[in-house]
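Data first, discussion second: the structure below is written as structure tokens.
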Amino acid sequence: MNTRQQSKLIYSWYGKPMSSDRKLRTSQYKGIVITSESSRTETCIQLGDFILVEGVNADRPYVAQLLDLYEDGAQHKRAVVQWFCHIGEIPQNKRKLLKREISPQEVFFDQVLGYDTDIDAQTIIKSIMVIPLHPEEELPITLNKEQTFYVKQSWDGKCFKALSPDTFSKLKAKKKKGSTPDSSEPFIPSDILTPLKKETESVVRSATKPKNAESKHSVSKSSLAKERQSQRAANDIKTPTARKKLELSSPTRSKGRLLGSEVLDLLDDDRDAIAPLESAATKRKVTFTSDILGSPPKIPCSSDKSKSVSDTAEPCQRFSDTIRLSPYPKAKDFSEKAKNLHMEDDIIFLVGHQKPGTQSPVLTPRSRRTCAQRTSALIAQHISVLNQEDDLSSSDSSYSSSSEEEEEEEDVPCTPEKKTKSSRIFSTPKSSSKSSVHTPAKTPKKTPLPGTPKTPRNATPEIPRRSHAAQKPASVLEEARLRLHVSAVPESLPCREEEFQDIYNFVESKLIDGTGGCMYISGVPGTGKTATVHEVIRCLQQAAENDELPPFQLVEINGMKLTDPHQAYVQILELLTGQKVTATHAAVLLAKLFNTPGPKRKTTVLIVDELDLLWTRKQNVMYNLFDWPTQKHSKLIILAIANTMDLPERIMMNRVASRLGLTRMAFQPYTYKQLQHIISSRLKDVKAFEEDAIQLVSRKQYIPRAGGMTARVVIMHSDKMSGFSSVWHNVAALSGDARRCLDICRRATEICEFAEPKRSPEIVGMAHVTEAIDEMFSSPYINAIRNASLHEQIFLKAILAEFRRAGVEEATVQQVYHQHMALCRIEGMQRPTVSEMMAICSRLGASRLLLLEASNKYLHMRVRLNLSQDDVMYALREE
Amino acid sequence: MKSAMSKRKLKDTCGASAECISQVQKILRERFCHRPSATGKLFGIEFQYRHLLELLKRTTLHGESNSALIVGPRGSGKTTLLNHVLKDLREMKQVRGNLLEVHLNGLLQTSDKVALKEITRQLQLENVVGDKVFGSFAETLAFLLEALRKGDRTSSCPVLFVLDEFDLFVHHKNQTLLYNLFDISQSAQTPVTIIGLTCRQDILELLEKRVKSRFSHRQIYLMNSFDFKQYVKIFKEQLSLPAEFPDEPFAQKWNDNIQHLSEDKIVQDVLQNLFHHTKDLRSLYFLLMLAVSAVTVHHPLLTAADLQEASRQHGTDSKANIVHGLSVLEICLIIAMKHLNDVYDGEPFNFQMVYNEFQKFIQRKAHSMYNFEKPVVMKAFEHLLQLELVKPLERPSARAQREYLLMRLLLDNTQIMDALQVYPNCPTDVKQWAASSLSWL
């Protein structure tokens, strides 16, 4: 099976070049033939056909119309397309413009500029149907969801418009044209005539009925595309590997898009059975015959023939096909067991078939031939409606089950009727007609609730609601506190205008150019890095909405919120495409995504917060992250945020650092003026603080970087603040942190409220701020020592004495004990026993006034002070 | 058990009293043993109590996110304070049903993965995902962050995270849990309040700079900052019987006695001594526990002597007891080691040196001591090794000869001399030898 999966899809031109341009060395063609080696089938796609194109997300291939095919100078097969977009491709905020529910089958005629319409022909998956509808029309019922799409409106990036009559007629014409036999017919391989339903049916019927590789077709489009993608990524094969024959044409064509009439539609999808309208019936017949006549199997071993010839060999082959089709291992197991048991085969087939249905609304792949699309469209319509109903019922539990009943009623009786009729009407082999009946009947029943994922993975956890409403701020101070909370979102970011502009310009220019790039942003915590970046993105999104900039996709990861650096891949991929895969697989997929040119690629803006945590020994996560933007087609802009300015030099390997580039920005710590400004701007009109108080807070936070990063600076507040002797600060950690500043203010309001609950003009004064600062920054050691018991203090003194005696800042407990006893003798106190001493020692050790060795050394345990001797002396002297 | 025994003895005299005594012991035992419960009293931390209560009230009523640390030495009442506040908070009408609590302990949740699972369990979010068992750590984290991100200040139920032994969470890899919790508290998500309890004064230095920046720097310090007068008052209050005690006259008598005791000089000395050693209330309770267990039907009221005895027990040196049970030969070896320590200023020694020292004593001075064979002395030495009175410098290896393994004595001179004083039937010459290694000269 493996070898088969890896077999190639061969893309070749159909016919002779229509025209060629000598200068450009291009030649145009009117069709392309996709040959699958494994199933030895061919499909032809012609200009004007609607096609599926491999996209970023394997679940959702792009829809497009083929406008041109040519081979460029480098012998690459290229295609020019007109895009259609899914609802998923439209920005969330624009979707509400539609004011209606959008079925997954509806697409929009894409008039957004800036998408590359020139794609690699090898990304074409297969052909489908796109049917234009008038805006007021309902989506018809379809059986074949994956095959048929409807277009009602166009989308130009800003708003939705009804299709212009011109476009409408063009699309319509395309459709019509497809329904008439044309020159491509002869080329269409015979397998088109053998739809998958046929085989399945035939299995049920008789064991001797020919089976073929086509059962593969029952796999959903999504899994097909996925397989293609993953395989390609995994094998790094340039040409798409063959999975299965891409299309299965149903033998009948009918014109009938019977708008609004469900019944007729239904009848019509049982296409072989009843001719819904006379015209349709005739049309169908005509088309069909023409099909048969016009398509002599070019390849001798095309499935239909081989089937009928080699009966015995077939079941096995079909088996493997089935296995391949079914995306769930369960089905595989079944099928293996069930070898040669045709009844079981059929069951397997159903299992395999039904499951993809739950995954995505798409179903059986069909022929891409335009003439074949008609019928399949009808089937797709039916399915889509049924699925829509399913959707409804899944989303709304109160939905009555009537539609499901109906659906069953419709399906069940249809089957036999169809069979008979089809065999009567058409001269095609029985099997084909049977199978074609079979699938439409089965599939709708078996595709339950595409909308509701059964996996709890998508369950949305939520913290329970509160039972009482949160109180509104009642006083000025409470209001102020609310605004001063770090989480409060300010209307603007004062004092970061320059940085904002720089980042904005950087991202904007890259967006406009459609290129990628990296920017490294550093700065100590609390200097507004992340806030500024978010603000930039918000503004850019605004601009993109107003259509001043090309649209982009935002992905944000935070190193601290990952459990492992490699999880970054998983998160990025999930945010980009919604897929959930393992880390290694995600890396492969992402690499493929960014390294290969993809159609319709939007620019991605990736914010990597806390970059330093993505460090691994081999640094491959960082390497990949910064390598992708340098790829030609990636259109990836990375904003990397970290604390240290010299991170690239310090922890990154040269090859990583060089990819990061030199676009860097350092956020300087806020100066006290800026902090003052920030607080004032937050408070705005709320008068809760005295002017001096704010100034004090700001000054407190801003400490000139005099003594190196780790030096401790004593700040003496002699003049204004009484009783506030010394505060120890760690410069590196405290300076210019806006968060800290806000916290101090918030605490000050609390102290103010707490101290004078009844005073009417509540205003935070100097004293409150001083108290708050004191509370937050006064060293706990001094207080802890002062409140220690007498013997604990003597023990500390004994340590100091021992240090002085030995001249080393380390002593054993025994030595300290001797000093301690001496001190006790001087003080005239009862001397403690060794056990009591050890207790004292371990207590001081637990609160980390002392640093201790492991206690099993008992008397020989070494002791060190965790604070400077001066501090201890200072604390003890005051008594 | 004690009361039952005494009941049997003194059935006739005071049956009611026996009932009282068991009642008294029950009440006091509950007071002394179940400390962190919210039923006990708070001493000297009214300010901190108000601060914490206000903080939590704001979280529940206004949905304000906060983070705070309660720092204080062991036994200073951190958990008691928190339990008190939570109990009072739960009794408030506006709070009921407005607060989810998550209690984590650094000793139980030893890694972020375990902690996250526990949080999910306590928030009862596992029901949301049905019977799904969480696959990976990453998934759990993403799940929880998603859950907390969904909420907003005004509508979500505030969550209180209590992290006991907070310092142990600091050692988790990258401090992921702390970063995320603090980050939530500083962003407009579900309102959360994080309360950490720790006894380490240097806790802020342990926080990673990004984590530290997100912490709101509220620290509530518990310092045992009372003086001796308050200490005696605590002693009195903790021993007093409540007014609702069934036997009122007995309670009256008991309380009077306690009042009397608290003014007694001996009792004050005992308390002062303990107070000088530690202000930790747990030690006081331990002392009182020892004293109260002496109360029987015979001896219904606590006396100063009981407390003195309890204090003596409380303060005994643990090694002294071991030395007490050694043989004379072993004592001699210890004395020999002591002399070696004196001579070589604490340098390590080996068995051979000890044996030589011992031989010198036997040959020159000893009258009462029998000259033991070397293997016998070796055996005694090994016994000391087993008792961990002697400790080898490095692990004994197969190659090194046992006699020459370097050792250290784990006893201080004072301990040895103290033990000799009370050693029963200690030969005089051994005592003399202990006092001075040069006494035979």
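Labels below follow one simple rule: chain letters A, B, ... track the order of the sequence lines, proteins then strands, and each chain is numbered from 1.
Minimum interatomic distance between A:T563 and B:A138 (heavy atoms only, all atoms of both residues): OG1-CB, 3.2 Å. Taking every heavy atom of both residues into account, A:P525 and B:S213 meet most closely at CB-CB, 3.4 Å. In terms of heavy atoms, B:S318 sits closest to A:S835 at N-OG, 2.9 Å.
Using a 4.5 Å cut-off between heavy atoms, B:T316 contacts chain A through its backbone alone, with no side-chain atom that close. With a 4.5 angstrom heavy-atom cutoff, A:E478 touches chain B only via side-chain atoms. There is no contact between B:V71 and chain A, counting heavy-atom distances below 4.5 Å. Proximity to chain B (any heavy atom under 4.5 Å) is restricted, for A:A788, to the backbone atoms N, CA, C and O. Interface remark: A:F795 contributes no atoms to any contact with chain B (heavy atom separation under 4.5 Å). Interface remark: A:M821 contributes side-chain atoms only to the contact with chain B (heavy atom separation under 4.5 Å). When heavy atoms are compared at a cutoff of 4.5 Å, A:R843 approaches chain B solely by way of its side chain, counted from C-beta outward. For A:L867, no part sits under 4.5 Å from any heavy atom of chain B, backbone or side chain. Heavy atoms closer than 4.5 Å to chain A are found in both the backbone and the side chain of B:L410. There is no contact between B:D227 and chain A, counting heavy-atom distances below 4.5 Å. Neither the backbone nor the side chain of A:M838 comes within contact range of chain B, judged by heavy atoms closer than 4.5 Å.
The side-chain heavy atoms of B:Y221 and A:N783, taken from C-beta on, include no pair separated by under 4.5 Å. Annotation: side chain of B:H62 is not in contact with side chain of A:R481 (no heavy-atom distance under 4.5 Å). Between B:Q201 and A:N866, every side-chain heavy-atom pair lies at or beyond the 4.5 Å cut-off. Looking at B:E64 and A:L482, their side chains never come closer than 4.5 Å, going by heavy atoms from C-beta outward. Side-chain contact between A:Y858 and B:E388 is absent, with no heavy atoms from C-beta onward closer than 4.5 Å. Counting heavy atoms from C-beta on, the side chains of B:H276 and A:Q830 never come closer than 4.5 Å.
Rounded to the nearest 0.5 angstrom, B:Q186 CD and A:H485 NE2 are separated by 6.5 Å. Put simply, CG on B:D412 and CD on A:Q814 are 4.5 Å apart, with the number rounded to the nearest 0.5 Å. One distance of note links OG1 of A:T833 with NZ of B:K319; it measures 13.0 Å at 0.5 Å rounding. Taken to the nearest 0.5 Å, the CZ atom of A:R746 stands 6.0 Å off from the OG atom of B:S216. How far CG of A:L790 is from CD of B:Q272: 8.5 Å, rounded to the nearest 0.5 Å. To the nearest 0.5 angstrom, B:K391 atom NZ is 9.5 Å from A:H860 atom NE2.
Electrostatic pairing of B:R210 and A:D609 does not count as a salt bridge here, judged by no charged N lying under 4.0 Å from a carboxylate O. Using a cutoff of 4.0 Å between basic side-chain nitrogens and carboxylate oxygens, A:R848 and B:D167 are not scored as salt-bridged. Between A:R831 and B:D418 a salt bridge is recorded (basic side-chain N to carboxylate O distance below 4.0 Å).
Note on A:D564, A:L613, A:I840: by heavy-atom pairs under 4.5 Å with chain B, the leading option is A:L613. Among A:K857, A:R747, A:E792, A:Q567, the residue making the largest number of heavy-atom pairs under 4.5 Å with chain B is A:R747.
The number of heavy atoms from other shown groups lying within 6.0 Å of CZ (B:F286) does not exceed 12. The number of heavy atoms from other shown groups lying within 6.0 Å of CZ (B:R74) does not exceed 12. The number of heavy atoms from other shown groups lying within 6.0 Å of CG (B:D345) does not exceed 12.
Here the side chain of A:H791 pairs no donor or acceptor atom with the backbone of B:F275 at under 3.5 angstrom. No donor-acceptor pair closer than 3.5 Å links the side chain of B:S225 to the backbone N or O of A:N787.
Neither side chain, A:H818 nor B:N413, offers a donor N or O lying under 3.5 Å from an acceptor on the other.
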| task | Step by step, work out the side-chain contact (heavy atoms from CB on, under 4.5 Å) result for B:R214 and A:M560. | result | CA-CA 13 Å; B:R214 280 164 177 79; A:M560 270 289 200; over 6 Å; no

| field | From CA spacing to verdict: side-chain contact (heavy atoms from CB on, under 4.5 Å), A:L859, B:Q415 | value | CA-CA 12 Å; A:L859 280 173; B:Q415 281 174 300; 3.9 Å; yes

